[in-house]
Amino acid sequence: MPELPEVETVRRGLAPALVGATIARVELRRHDLRFPFPERFAARLQGRRLLDLRRRAKYLIADLDDGDSLIMHLGMSGSFRIDDETPGAFHRKRDKNAAHDHVVLHLGHGKRVVYNDPRRFGYMLLIATNKIDEDKLFRGLGVEPLSDALDAAFLAGAFRGRAAPVKALLLDQRLVAGLGNIYVCEALHRAHVSPLRAAGSLVTAGGRPTAALARLPLAIKDVLKDALKAGGSSLRDHRQIDGSLGYFQHSFRVYDREGAACPTPGCKGRIARAVQSGRSTFHCSACQK
DNA sequence: ACACTATCCTGCAGGC
DNA sequence: TGCCTGCAGGATAGTG
């Protein structure tokens with residue numbers, strides 16, 4: 001599911017229920033997700049009040065009132081929902097997906113927050129709030145794509161001399177943190193840059209951004225902002241916290257549209273699928289150069 | 001340093 | 001109906 005727009009949508013949905021609430025009780029339905037839960041994980045959360053819910057890259061960060069922060073990553077298929085604490089709500093046997101409800105945070109105010117993750121690529125851990133930046137999960141992260149730090153000069157510096165395809169570098173969280181397969185494909189199409197192109201070819205000999213590269217930061221920001229407005233993209237798992245679907249998938253120009261006519265005005269091309277580093281790339285070879 | 005693969009796990013779609 | 005294969009929004013460890 002979750003790239004930056006989906007994670008941010010989840011954050012905005014969870015924050016009203018979580019921030020200021022106290023975790024009355026924690027249910028762990030299993031001992032691990034992608035990694036084992038930390039020692040005494042439930043005990044360390046219980047009784048804690050949540051001071052803030054932030055996002056960095058694709059991580060959610062809930063600051064607790066004891067100096068620790070709960071770090072949550074949704075992996076490929078993680079999602080949260082908010083349920084009422086009514087006894088009946090648990091007995092939804094028809095919903096086989098309930099087998100993947102792995103963590104339940106019972107809040108003191110009649111609601112519970114449930115983490116569901118069929119593939120279990122997600123994870124949760126606890127890090128001291130003032131040590132997050134130096135933690136190995138965070139210290140190597142690149143710039144936030146919606147921040148001013150992502151501009152053509154930054155990308156020129158990152159791409160210069162690199163033979164890897166531009167798509168691979170945009171997916172690298174150490175350079176730009178928060179993009180994933182969908183939004184990289186979409187941003188490259190909007191910028192009319194081929195995902196197959198060597199990243200270094202977007203930089204002049206003097207280290208300046210080419211005209212093509214200069215279009216990329218705005219294309220990235222635009223697609224992320226458009227997706228945020230739509231509540232993210234719902235392919236299979238992602239929902240907004242209130243249960244409604246994100247709808248940006250209806251606005252995809254290339255992702256999962258192999259064979260469709262290219263939506264670029266005046267372009268006669270068709271969307272092609274390629275495989276790069278084992279993952280699908282969707283692009284139009286007519287208008288992406 | 002860099003580029004690329006294999007891998008974790010489950011669900012689903014498509015082919016037969 | 002079912003079995004098989006391949007693919008999926010992420011990120012890392014390991015390889016050459």
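Here is how names work: the chains are called A, B, and so on, in the same order as the sequence lines, proteins then strands, and each is numbered from 1.
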Interface polar pairs with nucleotides 13-15 of chain B, N/O, under 3.5 angstrom:
none

Rounded to whole Å, CD of A:E258 lies from C1' of C:dC7 at a distance of 13 Å
Besides A:L196, the hydrophobic cluster formed by Ile, Leu, Val, Met, Phe, Trp and Tyr side chains linked at under 4.5 Å, directly or via other members, contains none
Taken to the nearest whole Å, NE2/A:H100 to C1'/B:dG11 is 8 Å
Those residues at least two apart in sequence (or on a different chain) that pass side-chain contact (heavy atoms from CB on, under 4.5 Å) with A:A128 are A:D68, A:N130, A:K131
From CZ of A:F282 across to P of C:dC7 the rounded distance in Å is 11 Å
Sequence neighbours excluded, the answer for side-chain contact (heavy atoms from CB on, under 4.5 Å) partners of A:D148 is none
For DNA chain B, the expected dot-bracket line (Watson-Crick or G-U under 3.5 Å, [ ] crossing, | inter-strand) is .|||||||.|||||||
Ring pair (Phe, Tyr, Trp, His ring centres under 6.0 Å) filter on A:Y247, not counting sequence neighbours, yields none
For A:K111, the side chain to side chain donor-acceptor pair (under 3.5 Å) test, sequence neighbours excluded, returns A:D84
Anything under 3.5 Å between a donor and an acceptor, one on a side chain of residues 175-185 of chain A, the other on a protein residue two or more places apart or in another chain? List them.
unit_1: A:N181; atom_1: OD1; unit_2: A:K167; atom_2: NZ; d: 2.7
unit_1: A:N181; atom_1: ND2; unit_2: A:S280; atom_2: O; d: 3.0
unit_1: A:Y183; atom_1: OH; unit_2: A:E6; atom_2: OE2; d: 2.6
unit_1: A:Y183; atom_1: OH; unit_2: A:S233; atom_2: OG; d: 2.6

Between A:D242 and A:R81, does at least one N-O distance fall below 4.0 Å, as a salt bridge requires?
no
Under 4.0 Å, counting only non-hydrogen atoms across every strand here, what does A:Y183 touch: a base, just sugar-phosphate, or nothing? nothing
A:I182 atom CD1 is separated from C:dG10 atom P, nearest whole Å, by 7 Å
Each nucleotide of nucleotides 4-9 of chain B classed B (base within 4.0 Å of a protein heavy atom), S (only sugar-phosphate) or -, in 5' to 3' order, makes SB--BB
Min side-chain heavy-atom separation A:L228-A:E8 under 4.5 Å: yes
Inset, instruction - Using the P atoms only, state how far C:dC3 lies from B:dC9, rounded to an integer number of Å. - result: 22 Å
Separation of C:dA11 atom P from A:R56 atom CZ, nearest Å, is 12 Å
Sorted by chain and number, sequence neighbours left out, side-chain contact (heavy atoms from CB on, under 4.5 Å) with A:H192 holds for A:R215, A:T264, A:C287
In whole angstroms, the gap separating P of C:dA11 from CG of A:L125 amounts to 14 Å
Check: With under 30° as parallel and over 60° as perpendicular, where do the rings of A:Y255 and A:F252 fit, or are they tilted in between?
Finding: perpendicular
Contacts of A:R273 and A:K58 projected onto DNA chain C by closest heavy atom; the upstream (5') one is A:R273
With sequence neighbours left out, the residues meeting side-chain contact (heavy atoms from CB on, under 4.5 Å) with A:T204 are A:R208, A:T210
A:I71 atom CD1 is separated from C:dA11 atom C1', nearest whole Å, by 16 Å
### Query
Does A:H73 put a side-chain nitrogen or oxygen below 4.0 Å from OP1 or OP2 of C:dA11?
yes
Please give the distance between the C1' atoms of B:dA6 and C:dG6 as a whole number of Å.
16 Å
The complete set of ring-ring contact (aromatic ring centres under 6.0 Å, His included) pairs with one or both residues in residues 127-165 of chain A, sequence neighbours excluded, reads A:Y59-A:F138
Taking only N and O in the side chain of A:R174, is any of them less than 4.0 Å away from OP1 or OP2 of C:dA11?
no
Rounded to whole Å, the CZ-P distance (A:R279 to C:dC7) equals 13 Å
